[in-house]
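Predicted model only: the values in this text are computed from it and were never measured.
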Amino acid sequence: MTSGAPGGVAIVSNSVSARYGGEAVLPLHYFRRLRARGVRVYLICHERTREELTESLGADVQFVHFIRDSKLHVVLDKIGNALPKRLLIGHLIAWDVHRYARRLIRELIKVQGVIVVHQPSPVSPRFPSNLSNLGVPVVIGPMNGGMTYPPGFGKSDSIATAILVRVGRAVSTVMNRVISGKHRAALLLVANARTREALPVNHNRVIELVENGVDLSRFRRANKSRPASSSEELVVTFLFAGRFERWKGLDLLLRAWSIMVNENGPGQIRSRVELRIIGDGADRAHVEQLRRDLGIEDSVTLGGFMPQEEVAAAMREADVFVLPSYYECGGAVILEAMASATPCIALKWGGPADYLDDTCGILIQPTSREQVIDDLARAMTDLANHPERRRSMGEAGLSRATTLFDWERKIDQILEIYEKVGANQRETAMGQAIKTG
């Protein structure tokens with residue numbers, strides 16, 4: 001499906017934004033890179049990011065169709081602000097946006113010759129899609145979900161949140177029986193086996209395709225070596241970047257850091273170390289207070305939200321990246337560290353375990369909070385003391401990111417998928433024509 005091929009693609013998503021990050025950036029990557037390949041691609045999304053997309057996309061914003069806030073969206077948004085994690089509400093808004101998108105999609109099919117519809121988000125496998133009966137094949141995903149907390153972390157949510165999650169999953173099962181988008185989709189894409197098992201529908205066409213990719217033009221290696229004659233004191237910099245949420249494990253990281261820099265830690269640190277934490281979120285006050293309580297303010301700096309360019313620069317400057325999250329479906333930030341030739345420490349749970357292996361990072365099995373804290377301290381001490389191991393791990397991570405997770409490689413794969421479902425659609429239409437003829 002190139003610039004010379006007939007037809008086009010409509011990408012439908014509730015939220016599309018580089019600033020929001022997470023799954024909101026995925027449809028933007030598809031749109032930009034497919035446009036760069038000469039594919040006639042159109043984007044349908046909520047208008048809340050109109051200003052950002054108008055600024056960032058330039059002339060290509062003419063191919064973006066925005067859906068305005070409805071009265072229902074406004075009401076749902078107010079309800080969501082009163083609930084923990086905005087449970088269910090975000091998906092309800094997304095579902096309603098897709099309902100409005102159906103009219104736009106039919107217009108694009110009729111006027112612009114769109115022959116494939118792609119819904120890359122929400123990435124939840126339980127989200128009921130109402131993109132069906134459009135007359136063209138619909139591809140949904142890659143989805144990524146089915147997450148649970150590790151055995152020793154089961155009480156991380158409040159009782160109210162746990163109840164709402166359980167109710168939400170039950171409701172989604174019923175909704176997927178009533179709303180047939182996933183049943184009728186030409187193809188479902190899942191990031192891993194865990195997500196495949198979490199699908200609330202039985203479907204005979206499911207393909208595994210990694211959810212995230214990495215922009216190798218932005219995240220790249222820097223020269224981290226220091227001249228042998230340098231008189232500067234060697235400082236080993238550890239980095240965390242992400243939202244300040246409880247499940248990101250920042251409390252585990254800070255407690256492990258306190259153990260490491262303490263004289264009673266798991267080993268003697270040969271160099272000066274510093275921990276740089278960048279990001280923001282609901283748990284910021286707790287993180288700031290814990291840093292003070294542990295007495296580690298001299299070696300731990302807290303930055304705020306940073307745009308992607310500054311995050312990329314921080315990745316290049318860091319010696320080790322640490323992500324102690326224990327509820328991470330994806331973890332694109334791990335791929336960004338790998339592409340920066342920065343070794344990683346993460347928990348062997350969820351997305352990071354899909355990306356890292358022993359050659360490029362240290363994966364910690366989360367059996368209990370106390371064990372994770374101790375193992376984090378040991379892993380950070382080990383990498384602080386062994387620059388050659390950091391270098392070899394960083395090189396292995398760069399090679400793995402370049403080979404497996406480059407966004408351009410992912411676009412190659414998605415184009416093959418579009419071609420395949422388009423060909424299947426044509427064969428089906430031809431077969432029906434023969435039967436009726």
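Side-chain contact between Arg106 and Arg103 is absent, with no heavy-atom pair separated by less than 4.5 Å. Using a 4.5 Å heavy-atom threshold, the side chains of Val139 and Leu189 count as touching. Looking at Ile345 and Leu323, their side chains never come closer than 4.5 Å, going by heavy atoms from C-beta outward. Arg196 is not listed as a side-chain neighbour of His203, based on a closest heavy-atom distance of 4.5 Å or more. The shortest side-chain heavy-atom distance between Lys248 and Tyr326 does not fall under the 4.5 Å cut-off. Between Asn144 and Arg194, the closest side-chain pair of non-hydrogen atoms falls below 4.5 Å. Here the side chains of Ile334 and Met338 are in contact, with some heavy-atom distance below 4.5 Å. Side-chain contact between Glu211 and Met143 is absent, with no heavy-atom pair separated by less than 4.5 Å.
When each of His183, Gln119, His98 is tested with Ser129 by the rule side chain to side chain donor-acceptor pair (under 3.5 Å), just one qualifies, namely Gln119. Of the listed residues (Arg32, Arg35, Arg33), just one forms a salt bridge (charged side-chain N to carboxylate O under 4.0 Å, His left out) with Asp60, and that residue is Arg35. When each of Ile105, Leu188, Val117, Val116 is paired with Val138, the side chain to side chain contact (heavy atoms under 4.5 Å, CB included) condition holds for Val117 and for no other.
For Pro343 against Ala341, the heavy-atom pair with the smallest separation is CD-O, 3.9 Å. The minimum heavy-atom distance between Val41 and Phe63, with the atom names listed, is O-CB, 3.8 Å. In terms of heavy-atom proximity, Ala185 sits nearest to Ile140 at CB-CD1, 3.9 Å. Residues Gly350 and Met147 come closest through the heavy atom pair CA-SD, 3.8 Å.
In this structure, His286 has its ring center no closer than 6.0 Å to that of Phe244. Two rings, from Tyr30 and His118, have their centers less than 6.0 Å apart. Taking the six-membered ring for Trp and the full ring otherwise, Tyr327 and Trp349 have centroids separated by 6.0 Å or more.
A salt bridge does not link Lys110 with Glu107: none of the charged nitrogens is closer than 4.0 Å to a carboxylate oxygen. Using a 4.0 Å cut-off between charged nitrogen and carboxylate oxygen, Asp412 and Arg37 count as a salt-bridge pair. With respect to the salt-bridge test (charged N to carboxylate O, under 4.0 angstrom), the residues Glu288 and Arg284 qualify. Taking a cutoff of 4.0 Å between a charged side-chain nitrogen and a carboxylate oxygen, Glu395 and Arg221 qualify as a salt bridge. One finds no salt bridge joining Arg243 and Asp280 here, because no Lys/Arg side-chain nitrogen approaches an Asp/Glu carboxylate oxygen to under 4.0 Å. The pair Glu55-Arg19 meets the salt-bridge criterion, since a charged nitrogen lies less than 4.0 angstrom from a carboxylate oxygen.
Looking only at atom types and distance, the side chain of Arg102 has no donor-acceptor partner in the side chain of Asn133 under 3.5 Å away. Under 3.5 Å, the side chains of Ser17 and Glu52 contain a donor-acceptor pair of N or O atoms.
Classification of the Tyr42-His65 ring pair by plane angle, with boundaries at 30° and 60°, yields tilted.
By the 6.0 Å and 45° rule, Arg276 does not stack over the aromatic ring of Phe240.
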- Given Trp247 and Ser325, is the side chain to side chain donor-acceptor pair (under 3.5 Å) satisfied, shown in steps? CA-CA 6 Å; Trp247 52 268; Ser325 175; over 6 Å; no

